There are 2 protein chains.
Amino acid sequence: MGTGHQHCQHRGANLAELADRLRRGARKLTGPRQLVLESLRHSRHPQTPKEIHAALAGQPCDLATVYRSLKVLSDLGMVQRFDFGDGIARFELVAEGRDGHHHHLICTRCARVVELDECFLDEIQQRIATANGFRAVTHKLEFFGLCPDCQ
Amino acid sequence: MGTGHQHCQHRGANLAELADRLRRGARKLTGPRQLVLESLRHSRHPQTPKEIHAALAGQPCDLATVYRSLKVLSDLGMVQRFDFGDGIARFELVAEGRDGHHHHLICTRCARVVELDECFLDEIQQRIATANGFRAVTHKLEFFGLCPDCQ
DNA sequence: CACGAACTGCAAACTATTTGCAGCGCCGGT
DNA sequence: ACCGGCGCTGCAAATAGTTTGCAGTTCGTG
């Protein structure tokens, strides 16, 4: 596999960045990790480990390795975990440049996902943190409803 | 066990209401269901099924039955499910009178939970729903951070 | 180019949650 | 107060998602 750059850079980190961050942590740039990153890069919405694994069809990569790779990518801050309330972890690439913080609008019937780019909670979050003496406060927020097709 | 009323009615529905709602759904008022309801009534924060089961020590009630009871109570709208991002379901009694909608501020180190009574997302949610053509939109929101003791 | 640390596949272990089944108990009707 | 039927429960086993132990393989540095 060459070191060439990809033609379509939908979103998020690229191979070079991955290699770089991995090196800094005494981690290795391996096939499975590239595969997982690639898979996420081609996905528009959060993917479950199982989905990621399925998308790798052909390439040899154990599901357990997908989990381990996601852990690494997550530790490196290149991937973010989301919960859609069904107890299944979903992962999405962190958008390049930004901190990647955003939310989703999920159809409870067909599972369709809309990415919401804005986050309006900064001020409210700050207020809550202060009021309760908490520090380093973050939040998880997802919206659920019926999409136009499912109403 | 008598049919007497409890002396401390912290929050949420009581036995009479449970019996009433159950009857309406051709469901039965059984020991385990009362136990689960009681247990939740004495809890100030969302409880995992395992915690609920543990709190029932002494009373015979299978963990599977706790799950089933929670499902029933949830269907009846007397109990609400929360996700704290660790993939474990937690349940809380729906506050009496109100719709019970609220959020939590959770310490990521000691798991302490602060109940947040207000919800500030109504307007934002409405805007998002409209903008995307969704209906019957709800949301799940939890805040995470370090509590004063853990900083 | 060799070496060691990191990584992978495979299988087994775990944890949370659900389900099949046979017997028991609640509740409306009598 | 009693009966009968439909839930409901306990128990155990099945699922489903995720993690882990181990032995062999690979990456990246010296």
Side-chain angles (χ1 to χ4, degrees), chain A residues 1-3 15-16 18-39 46-54 56-76 79 81-91 111, chain B residues 1-3 15-16 18-39 46-54 56-76 79 81-91 111:
Chain A
M1 220 166 291
T3 57
L15 267 275
L18 172 60
D20 203 50
R21 294 203 195 187
L22 283 169
R23 198 158 8 230
R24 233 172 292 164
R27 255 73 172 274
K28 295 180 180 176
L29 178 61
T30 63
R33 286 173 189 181
Q34 293 178 46
L35 286 174
V36 169
L37 185 72
E38 263 320 287
S39 174
Q47 304 285 302
T48 65
K50 196 198 281 188
E51 287 169 341
I52 295 169
H53 181 246
L56 266 39
Q59 323 293 330
C61 179
D62 197 81
L63 178 57
T65 299
V66 171
Y67 276 99
R68 286 191 273 227
S69 297
L70 287 170
K71 177 75 164 47
V72 170
L73 289 168
S74 177
D75 288 346
L76 293 177
V79 147
R81 174 187 167 148
F82 290 94
D83 269 288
F84 284 4
D86 56 2
I88 303 179
R90 285 157 212 265
F91 297 84
Chain B
M1 216 168 296
T3 57
L15 267 274
L18 172 61
D20 204 50
R21 296 203 195 186
L22 283 170
R23 196 154 13 223
R24 232 171 292 163
R27 256 77 170 271
K28 295 179 180 176
L29 178 62
T30 64
R33 288 174 187 179
Q34 293 178 46
L35 286 174
V36 169
L37 184 73
E38 262 320 286
S39 175
Q47 304 285 302
T48 65
K50 196 199 282 187
E51 287 169 342
I52 295 169
H53 182 245
L56 266 39
Q59 322 294 329
C61 180
D62 197 81
L63 178 57
T65 298
V66 172
Y67 275 99
R68 286 190 273 226
S69 296
L70 288 170
K71 175 77 166 47
V72 169
L73 289 169
S74 176
D75 288 346
L76 294 178
V79 148
R81 174 188 168 148
F82 290 94
D83 269 287
F84 284 3
D86 56 0
I88 302 179
R90 285 157 210 266
F91 297 84

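A note on names: the letters A, B, ... follow the listed sequences, proteins ahead of strands, and every chain is numbered from 1. For clarity, every value in this text was computed on a predicted model and none was experimentally measured.
- If you take CZ of B/F91 and P of C/dA16, they are 13 Å apart, rounded to a whole angstrom.
- Taking A/D20 as the reference, A/R24 meet the salt bridge (charged side-chain N to carboxylate O under 4.0 Å, His left out) condition, with sequence neighbours excluded.
- Remark: A/R90 pairs with A/D86 by the salt bridge (charged side-chain N to carboxylate O under 4.0 Å, His left out) rule, at least two apart or across chains.
- Whole-Å rounding puts the B/L22 CG to D/dT9 P distance at 10 Å.
- Nearest-nucleotide positions on DNA chain D for A/P49 and B/R33 put B/R33 closer to the 5' end.
- The distance between atom CG of A/D86 and atom P of D/dA16, rounded to the nearest whole Å, is 14 Å.
- The CD1-P distance, from B/I88 to D/dT18, rounds to 12 Å in whole Å.
- Considering only side-chain N and O atoms, A/K50 lies under 4.0 angstrom from the phosphate OP1 or OP2 of D/dG17.
- Atom CG of B/L56 is separated from atom C1' of D/dT9 by 14 Å (rounded to the nearest Å).
- Here C/dT15 presents its C1' atom at 14 Å from CZ of B/R90, a figure rounded to the nearest Å.
- The backbone N or O of B/T65 lies less than 3.5 Å from a partner atom in the side chain of B/S69, making a donor-acceptor pair.
- For B/K71, the salt bridge (charged side-chain N to carboxylate O under 4.0 Å, His left out) partners two or more places apart in sequence, or in a different chain, are B/D75.
- Look at CZ on A/R81: it is 10 Å from C1' on D/dT18, rounded to the nearest Å.
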Can you give one letter per nucleotide of nucleotides 18-30 of chain C, 5' to 3': B if a protein heavy atom sits under 4.0 Å from the base, S if only from the sugar-phosphate, - if neither?
BBB----BBSS--

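- Shown here are the ring-ring contact (aromatic ring centres under 6.0 Å, His included) partners of B/F84, two or more places apart in sequence or in another chain: B/H104.
- By the salt bridge (charged side-chain N to carboxylate O under 4.0 Å, His left out) test, A/R23 is found to be paired with no residue, residues two or more places apart in sequence or in another chain being considered.
- Taking atom NZ on A/K71 and atom C1' on C/dT8, their separation rounds to 17 Å, with Å as the unit.
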